[in-house]
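Below is one structure, written out as structure tokens, with a few remarks after it.
Here the structure is a predicted model, which means the values were calculated and not measured.
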Amino acid sequence: MKIILTHEVSGLGAAGDVVDVKDGYARNYLIPRKFAIRWTKGGEQDVAQIRRARKIHEIQTIEQANQIKAQLEGVKVRLAVRSGDAGRLFGSVTPADVASAIKASGGPEVDKRRVELSSPIKTLGSHETSVRLHPEVSAKVSVEVVAA
């Protein structure tokens with residue numbers, strides 16, 4: 001199935017790209033989560049509009065990405081969440097939680113879709129996350145999860 005990506009999807013492409021994927025992946029995952037729309041002949045105008053919007057919002061150069069990376073790696077991120085007696089959380093920490101904690105800690109504003117968690121954070125303590133700033137630049141951020 002041919003689709004037009006509306007957001008960046010790891011391993012697939014960036015917003016505005018026209019890609020060919022399996023039907024089930026498109027119908028069950030990408031389209032319901034608004035990561036993509038079906039490709040049509042009239043959709044080519046949508047592609048141009050998506051690419052213009054992407055240029056406005058994305059980090060333009062590697063130098064700019066490296067500056068933001070230096071800011072992110074210098075920030076101490078603490079995230080207070082509810083937890084049980086054994087140190088296990090009620091639920092888990094999401095990329096949106098990490099992005100808002102970075103902003104609250106005095107760091108730059110980060111899009112939640114660019115925060116990548118290697119595994120779900122379900123315990124107290126220090127955890128490593130990465131923030132994809134540019135296709136070639138990724139920042140490592142240490143998040144300390146503490147009991148609220």
For R27 and M1, what are the C-alpha separation, side-chain angles and deciding distance, and is it a side-chain contact (heavy atoms from CB on, under 4.5 Å)? CA-CA 9 Å; R27 275 195 316 264; M1 175 184 280; 4.3 Å; yes
Any chance you could measure D97, atom CG, to S92, atom OG, to the nearest 0.5 Å? 8.0 Å
Just verifying a value: how many Å separate I4 CD1 and I37 CD1, rounded to the nearest 0.5 Å? 4.5 Å
Could you pull out the closest heavy-atom pair between E128 and S142, with the gap in Å? OE2-CB, 3.6 Å
Taking a hydrophobic cluster as the set of Ile, Leu, Val, Met, Phe, Trp and Tyr residues connected by side-chain heavy atoms closer than 4.5 Å, whether directly or through intermediates, do V9 and V115 fall within one such cluster? no
Minimal non-hydrogen separation, T123 against R88, with atom names: CG2-NH1, 4.3 Å
Grab the two heavy atoms, one from L124 and one from A147, that are nearest each other, plus how far apart they are. CD2-N, 3.7 Å
Assign the ring pair F35 / Y29 to parallel, tilted or perpendicular, where the plane angle (0 to 90°) is split at 30° and 60°. tilted
Hphob cluster co-occupancy, V21 + W39, side-chain heavy atoms under 4.5 angstrom: no
R113 vs E8, side-chain contact (heavy atoms from CB on, under 4.5 Å): CA-CA, chis, key distance, verdict: CA-CA 8 Å; R113 293 181 293 263; E8 184 175 343; over 6 Å; no
Kindly check if the number of other-residue, nucleotide or ligand heavy atoms within 6.0 Å of CD (E109) is above 12? no
Would you call E144 and K76 a salt bridge, taking side-chain N to carboxylate O under 4.0 Å as the test? no
Closest heavy-atom pair and its distance - T94, L117: C-CD1, 4.1 Å
So L30 and K34, do their side chains get closer than 4.5 Å, heavy atoms only? no
Interatomic distance, CD@Q67 vs CD@Q71, rounded to 0.5 Å, equals 7.5 Å
Looking at every non-hydrogen atom in both residues, tell me the closest pair between A26 and I3 and how far apart they are. CB-CG2, 4.0 Å
For the residue pair V141 and V75, establish whether any side-chain heavy-atom pair is separated by less than 4.5 Å. no
Approximate separation, where rounding is to 0.5 Å, of S105 OG and L72 CG: 10.5 Å
Closest non-hydrogen atom pair, A139 against L133: CB-CD1, 4.1 Å
Verdict with reasoning, R132 to E116, per salt bridge (charged side-chain N to carboxylate O under 4.0 Å, His left out): CA-CA 7 Å; R132 208 175 357 93; E116 296 177 340; 2.6 Å; yes
Note, V18 side chain near K2 side chain (heavy atom, < 4.5 Å): yes
Path from Y25 to V19 over hydrophobic side-chain contacts below 4.5 Å: yes
Contact check, side chains of V98 and V77, non-hydrogen atoms, under 4.5 Å: no
Counting N and O atoms only, with roles assigned by atom type, does the side chain of N28 sit under 3.5 Å from a partner on the main chain of G24, one being a donor and the other an acceptor? yes
Distance check, rounded to the nearest 0.5 Å: R114 atom CZ versus S10 atom OG? 9.5 Å
CG/L89 to OG/S83 distance, rounded to the nearest 0.5 angstrom? 6.0 Å
